[in-house]
Amino acid sequence: MNDLQAIAGVLQRSRKIIIGGHIMPDGDCVGSVAALGLALTQLGKDATMAMPDPVPEIFRFLPGTAAFLAGENALSGDYDTFMVLDCSVPERLGALRPLLERRRLTVCNIDHHVSSHNFADYNYIDPRAAATAEIVQDLCALLGARITPDIAACLYTGIITDTGSFQYENTTPDTHRRAAQLIEKGAPAHVINIQIYEQKPLAQLRVLEAVLPTLRLSPCGRVAWMSVTKELLNNLQAKDEHVNGLINYARSVRGVEVALLFREMAPGRYKISFRSKEVVDVNRLAGRFGGGGHVRAAGCVLEGDLPFLQSRVVEAALEEIRVSGA
């Protein structure tokens, strides 16, 4: 079922709702969960907002995030509906995944990843949406919720972070119209821009300084990759959230079509992020390793020795470049 009106009906009938997103939440995930939570509370619903991981510091300025529950702290409630936002597969729910196994709990899944799976009772997946926040914006309208300045700020944050401030090719005329509507409703665009892009923690810049020397290029100059170890983060007293955005430096190298970031999650276990500029479908590339995402941004998790994994993934990226004619 791909019917947003049906999901609105579920929420209207629900008594106690938990709204959750994916591990290592980004701006679209945090903004979408916060916006829907605020909207449902406005409508008199008992709504709990939750994340598998704590909200990254950079997004804690958003209204509603102070009330988020993290990880297992969210599992004790007696919920009748679980709203899953911006999460393509159950594994990405992390500590919230046990909620899927509860009896008499209706699960609704809203997402915009092209690789998203139908794992819920009700699924609404629209890969044409630039961000899950765009879909939540439509859901708020179906519910009859008033878009307050707080809700507008959360939705606007979701849209700008998933479009790279309207730079990525997922940006459409409709995306700009939606953003304009949110600014009209009170979203402080300039304040949000400062909070996200001009208030970086010093630890994030220290991580950038340490990771840039790991930048490598394939002989043809079409693939670039970097790596981040747990030891590096520990030595800098940095968190996983301080790695966000690093891959864009590899992607920005002139001539590069595919950028990769290898992030150590545990000994011998790595999260690989994929980005492309114009031609290569990195959702398909990540799919070769059991991952997925978007055409220009995707990811997967692999286990093994880092040099071997880098060689394997870089070769696959080069194959995709050759096939695509990039």
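Numbering starts at 1 and runs along the sequence shown.
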Check: residues 31-39 side-chain donor-acceptor pairs under 3.5 Å, at least two apart:
{"residue": "Ser32", "atom": "OG", "partner": "Asp28", "partner atom": "O", "Å": "2.7"}
{"residue": "Ser32", "atom": "OG", "partner": "Asp28", "partner atom": "OD1", "Å": "3.2"}
{"residue": "Ser32", "atom": "OG", "partner": "Ala133", "partner atom": "N", "Å": "3.2"}

Would you mind writing out the side-chain donor-acceptor pairs for residues 54-65 within the sub-3.5 Å range, not counting sequence neighbours?
{"residue": "Arg60", "atom": "NE", "partner": "Val55", "partner atom": "O", "Å": "2.8"}
{"residue": "Arg60", "atom": "NH2", "partner": "Val55", "partner atom": "O", "Å": "3.1"}
{"residue": "Thr65", "atom": "OG1", "partner": "Arg60", "partner atom": "O", "Å": "3.2"}
{"residue": "Thr65", "atom": "OG1", "partner": "Leu62", "partner atom": "O", "Å": "2.8"}

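Take His113 and apply the ring pair (Phe, Tyr, Trp, His ring centres under 6.0 Å) test, not counting sequence neighbours, and it matches His294. Under the rule for a ring pair (Phe, Tyr, Trp, His ring centres under 6.0 Å), His242 has no partner lying at least two apart in sequence or in another chain. Taking the side chain to side chain contact (heavy atoms under 4.5 Å, CB included) definition, one finds that Gln5 meets it with Asp3, Ala8, Leu142, sequence neighbours left out. Phe166 meets the ring pair (Phe, Tyr, Trp, His ring centres under 6.0 Å) test with His176; sequence neighbours excluded.
Across all their heavy atoms, Pro90 and Leu100 have their closest contact at CB-CD1, 3.8 Å. A pairwise comparison of heavy atoms in Phe82 and Gly20 identifies CE1-N, 4.0 Å as the closest pair. Shortest non-hydrogen contact noted between Ala130 and Thr175 is CB-OG1, 3.6 Å. When all heavy atoms are compared, the tightest approach of Glu257 to Val280 is OE2-N, 2.9 Å. Smallest separation of non-hydrogen atoms from Tyr156 and Ala189: OH-CB, 3.5 Å. Scanning all heavy atoms of the two residues, the minimum distance from Ala298 to Arg275 falls at O-NH1, 3.7 Å.
Pairs of residues two or more places apart, or lying in two chains, never qualify as salt bridge (charged side-chain N to carboxylate O under 4.0 Å, His left out) while including a residue from residues 103-119. Pairs of residues two or more places apart, or lying in two chains, that qualify as salt bridge (charged side-chain N to carboxylate O under 4.0 Å, His left out) and include a residue from residues 292-310 are Glu169-Arg296, Arg269-Glu303. Each side chain to side chain donor-acceptor pair (under 3.5 Å) pair with one or both residues in residues 194-207, not counting sequence neighbours, appears once here: Ser165-Tyr197, Asn193-Glu198. The salt bridge (charged side-chain N to carboxylate O under 4.0 Å, His left out) pairs that include a residue from residues 130-139 are Glu134-Arg178, Asp138-Arg178, where partners are two or more places apart or lie in different chains. The salt bridge (charged side-chain N to carboxylate O under 4.0 Å, His left out) pairs that include a residue from residues 66-79 are Arg15-Asp78, where partners are two or more places apart or lie in different chains.
The backbone N or O of Pro307 lies less than 3.5 Å from no partner atom in the side chain of Ser311, so there is not a single donor-acceptor pair. Distance alone, capped at 3.5 Å, is enough to place a donor-acceptor pair between the His112 side chain and the Ala129 backbone. Checked by atom type and distance alone, the side chain of Ser115 pairs as donor or acceptor with a backbone atom of Gly293 at under 3.5 Å. Judged purely by atom type and a 3.5 angstrom limit, Lys45 uses its side chain to pair as donor or acceptor with the backbone of Ser14. The backbone N or O of Asp174 sits less than 3.5 Å from a side-chain atom of Thr172, completing a donor-acceptor pair. When atom types are taken as modelled, the side chain of Asn234 and the backbone of Lys230 share a donor-acceptor pair closer than 3.5 angstrom.
Between Thr132 and the choices Asp86, Asp162, Asp126, the side-chain hydrogen bond (donor to acceptor under 3.5 Å, both in side chains) rule is met once, by Asp86. With Gln12 as the partner, the side-chain contact (heavy atoms from CB on, under 4.5 Å) test is satisfied by one option alone out of Ile7, Leu40, Leu143: Leu143. Of the candidates Arg222, Arg312, Arg288, Glu319 forms a salt bridge (charged side-chain N to carboxylate O under 4.0 Å, His left out) with just one, namely Arg288. Checked against Tyr79 for a side-chain contact (heavy atoms from CB on, under 4.5 Å), the options Thr106, Thr48, Ile17 give a single hit: Thr48.
You'll find the side chain of Thr81 stays beyond 4.5 Å of the side chain of Ile18, heavy atoms only. The shortest side-chain heavy-atom distance between Leu4 and Leu139 falls under the 4.5 Å cut-off.
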Apply side-chain contact (heavy atoms from CB on, under 4.5 Å) to residues Val323 and Arg284 and explain how you reach the verdict. CA-CA 12 Å; Val323 169; Arg284 185 174 68 181; 4.3 Å; yes
Test side-chain contact (heavy atoms from CB on, under 4.5 Å) applied to Ile159 and Gln137, step by step: CA-CA 10 Å; Ile159 291 173; Gln137 189 174 359; 4.1 Å; yes
Any chance you could lay out the side-chain contact (heavy atoms from CB on, under 4.5 Å) test for Ser218 and Leu318, step after step, and finish with the verdict? CA-CA 9 Å; Ser218 61; Leu318 290 170; 4.0 Å; yes
Tell me, with the steps shown, if Asp46 and Lys16 meet salt bridge (charged side-chain N to carboxylate O under 4.0 Å, His left out). CA-CA 5 Å; Asp46 185 343; Lys16 190 172 177 60; 3.2 Å; yes
Output, in order, the C-alpha distance, side-chain angles, deciding distance and verdict of side-chain contact (heavy atoms from CB on, under 4.5 Å) for Phe262 and Lys271. CA-CA 6 Å; Phe262 296 80; Lys271 162 78 181 297; over 6 Å; no
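Here CG of Leu309 is found 6.0 Å from CD1 of Ile272. Values are rounded to the nearest 0.5 Å. Taking CG from Leu182 and CD1 from Ile151, the interatomic distance works out to 10.5 Å, rounded to the nearest 0.5 Å. Here Tyr122 contributes atom OH and Leu11 contributes atom CG; the two are 10.5 Å apart, rounded to the nearest 0.5 Å. Considering OG1 of Thr161 and CG of Asp26, their distance stands at 6.0 Å, rounded to 0.5 Å. In this structure, the separation between CZ on Arg216 and CH2 on Trp225 is 8.5 Å, given to the nearest 0.5 Å. The line from NE2 of His22 to SG of Cys29 is 4.0 Å long, rounded to the nearest 0.5 Å.
Other members of the cluster containing Val207 are Leu208, Val211, Leu212, Leu215, Leu217, Met226, Val228, Leu232, Leu233, Leu236, Val243, Leu246, Ile247, Tyr249, Val253, Val256, Leu261, with ILVMFWY side chains joined at under 4.5 Å, either directly or via other members.
Note on Phe274 and Tyr168: separate hydrophobic clusters, where clusters join Ile, Leu, Val, Met, Phe, Trp and Tyr whose side-chain heavy atoms are under 4.5 Å apart, directly or indirectly. When the side chains of ILVMFWY residues are joined at heavy-atom separations under 4.5 Å, either directly or via intervening members, Val89 and Val84 end up in two distinct hydrophobic clusters. Note: the hydrophobic cluster containing Val30 also contains Ile192 (ILVMFWY, side chain heavy atoms under 4.5 Å, direct or indirect links). Phe289 and Val114 fall into different hydrophobic clusters, defined by Ile, Leu, Val, Met, Phe, Trp and Tyr side-chain heavy atoms under 4.5 Å apart, directly or through other members. Put simply, Ile321 and Val314 are part of the same group of oily side chains (I, L, V, M, F, W, Y) that touch within less than 4.5 Å, one to the next.
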